[in-house]
There are 2 protein chains.
Amino acid sequence: MNIGEVAERSGIPPKTIRYYEDIGLVRPQRSGNGYRAFRETDLHKLAFLGRARALGFSIEDCRNLLNLYEDETRASAQVKAIAEEHLSAIDDKIAQLQDMRETLSHLVEACRGDHRPDCPILKDLSGDLKNIR
Amino acid sequence: MNIGEVAERSGIPPKTIRYYEDIGLVRPQRSGNGYRAFRETDLHKLAFLGRARALGFSIEDCRNLLNLYEDETRASAQVKAIAEEHLSAIDDKIAQLQDMRETLSHLVEACRGDHRPDCPILKDLSGDLKNIR
DNA sequence: TATAGGGCTTCCAGTCACTGGAAGCTCAAG
DNA sequence: CTTGAGCTTCCAGTGACTGGAAGCCCTATA
């Protein structure tokens with residue numbers, strides 16, 4: 001398989017696949033003409049990476065997950081540990097975004113959004129906390 | 001004021017303040033010795049930037065908000081538009097993270113996390129969807 | 001057989017918002 | 001006069017790609 005077909009079947013763009021090779025996540029062989037020659041196992045790995053990335057795992061996490069996947073002697077506890085850490089990072093991020101959302105939505109509601117310059121959003125950003133709440 | 005004092009009072013590290021000058025967000029004067037000389041207005045601007053960044057606004061948004069803040073002829077509608085767009089981006093991000101969270105937490109729960117290699121997390125990532133929902 | 005196109009290759013640069021580090025100047029205290 | 005803190009600039013690295021340029025390879029059609 002050439003890179004185009006693999007890209008299509010894995011859903012990962014060619015540029016990204018070349019990047020994954022650069023950083024050692026996949027190691028396709030080469031044809032006589034210099035083209036990358038992917039086997040089914042490469043495709044499988046790339047699809048694995050695509051799903052892991054879609055769950056928000058970092059590249060380093062993906063590398064470790066892939067290693068565990070290929071390690072028949074793994075303990076599922078190792079996989080679970082990675083996933084739990086990531087899950088708690090996601091929870092942190094959600095909480096942080098919800099804090100922002102909370103503040104910002106109050107400000108947006110309080111702003112009339114008309115032609116006049118008065119604006120509680122700017123007032124808040126400027127440090128004048130007398131407004132809102 | 002030198003950069004250290006401004007950093008302390010605004011809560012923004014010196015490195016970041018220099019970076020903000022590089023990209024034109026603040027324009028402190030210079031003392032005879034080459035040190036940056038910040039006025040109160042510069043400090044005020046930096047604190048504004050700190051709060052806007054804490055709400056997750058991009059640097060470009062911050063630049064626009066700062067311009068509007070200094071523009072007496074602004075319409076609050078302009079500010080509100082920026083804030084609403086950002087708010088909806090935040091909402092999108094939260095939704096995306098919650099999707100990830102949902103999937104991931106089910107997988108984590110299903111994984112026994114023991115010494116054995118069987119792992120529904122890896123099974124899911126490898127594309128075997130027979131497991132879990 | 002010439003050529004046109006699409007796909008493939010590499011390499012370099014840019015993204016976003018900083019952050020770390022090195023080399024070197026300035027200033028105040030002891 | 002030395003020490004050390006604080007300031008300066010410049011360069012490089014982060015994460016995970018993404019865009020673009022220059023050029024080779026392959027196939028189909030005129």
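In what follows, every chain begins at residue 1, and chains take the letters A, B, ... in the order their sequences are listed.
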Checklist entry - Once you round it to whole Å, what is the distance between P of D:dA16 and CD1 of A:Ile23? => result 8 Å
Checklist entry - At under 4.0 Å between heavy atoms, what does B:Phe57 touch on the DNA or RNA strands: base, sugar-phosphate, or nothing? => result nothing
Item to check | A:Thr73 side chain to A:Asp71 side chain, donor-acceptor N/O pair below 3.5 angstrom | outcome: yes
Checklist entry - What's the CD-P distance between B:Glu21 and D:dC10, to the nearest Å? => result 12 Å
Item to check | Partners meeting side-chain hydrogen bond (donor to acceptor under 3.5 Å, both in side chains) with B:Glu85 (sequence neighbours left out) | outcome: none
Next on the checklist: Between P on C:dC25 and CG on B:Asn2, what's the gap in Å once rounded to a whole number?
Outcome noted: 19 Å
Checklist entry - Where each residue is assigned the nucleotide of DNA chain D containing its nearest heavy atom, which of A:Tyr20 and B:Arg18 is assigned the position nearer the 5′ end? => result B:Arg18
Checklist outcome for this item: Ranking D:dG20, D:dT18, C:dC18 by distance to the side chain of B:Tyr19, first place goes to C:dC18
Next on the checklist: Treating A:Ser10 as the side-chain partner and A:Ile12 as the backbone partner, does any N or O pair qualify as donor plus acceptor under 3.5 Å?
Outcome noted: yes
Item to check | Strand contacts (DNA chain D) in residues 26-40 of chain A, 4.0 angstrom heavy-atom criterion | outcome: A:Asn33, A:Tyr35
Item to check | Residues, nucleotides or ligands: over 12 heavy atoms within 6.0 Å of A:Arg30 CZ | outcome: yes
Next on the checklist: The side chain of B:Ile3 is closest to which nucleotide in this list: D:dC7, C:dT9, C:dT19?
Outcome noted: D:dC7
Next on the checklist: In this structure, how many angstroms lie between the P atom of C:dT9 and the NZ atom of A:Lys15, rounded?
Outcome noted: 11 Å
Next on the checklist: In whole Å, I'd like the distance from the CD atom of A:Glu60 to the P atom of D:dA16.
Outcome noted: 8 Å
Checklist entry - With a non-hydrogen cut-off below 4.0 angstrom, is B:Arg53 in contact with a base, only sugar-phosphate, or nothing? => result sugar-phosphate
Checklist outcome for this item: From the candidates D:dT18, C:dA17, D:dG20, the one with an atom nearest any side-chain atom of A:Thr16 is D:dT18
Checklist outcome for this item: Expected list for residues 82-97 of chain B near DNA chain D, using heavy atoms below 4.0 Å, is none
Next on the checklist: Take a 6.0 Å sphere around CD of B:Glu8 and say whether it holds more than 12 heavy atoms from other residues, nucleotides or ligands.
Outcome noted: no
Checklist entry - Between atom CD1 in B:Ile17 and atom P in D:dG6, what is the gap in whole Å? => result 14 Å
Item to check | Donor-acceptor under 3.5 Å (A:Arg74 side chain, A:Gln78 main chain) | outcome: no
Checklist entry - Rounding to a whole Å, what distance do you find between A:Asp22:CG and C:dC11:P? => result 9 Å
Checklist entry - Between the side chains of A:Asp114 and B:Ser76, is a donor N or O closer than 3.5 angstrom to an acceptor N or O? => result yes
Item to check | Presence of salt bridge, B:Asp91 and A:Arg101, under 4.0 angstrom | outcome: yes
Next on the checklist: Please pick, from C:dC11, D:dC17, C:dT19, the nucleotide with the shortest atom-to-atom distance to any side-chain atom of A:Ile59.
Outcome noted: D:dC17
Item to check | A:Tyr35 reachable from A:Leu46 in the ILVMFWY side-chain graph, under 4.5 Å edges | outcome: no
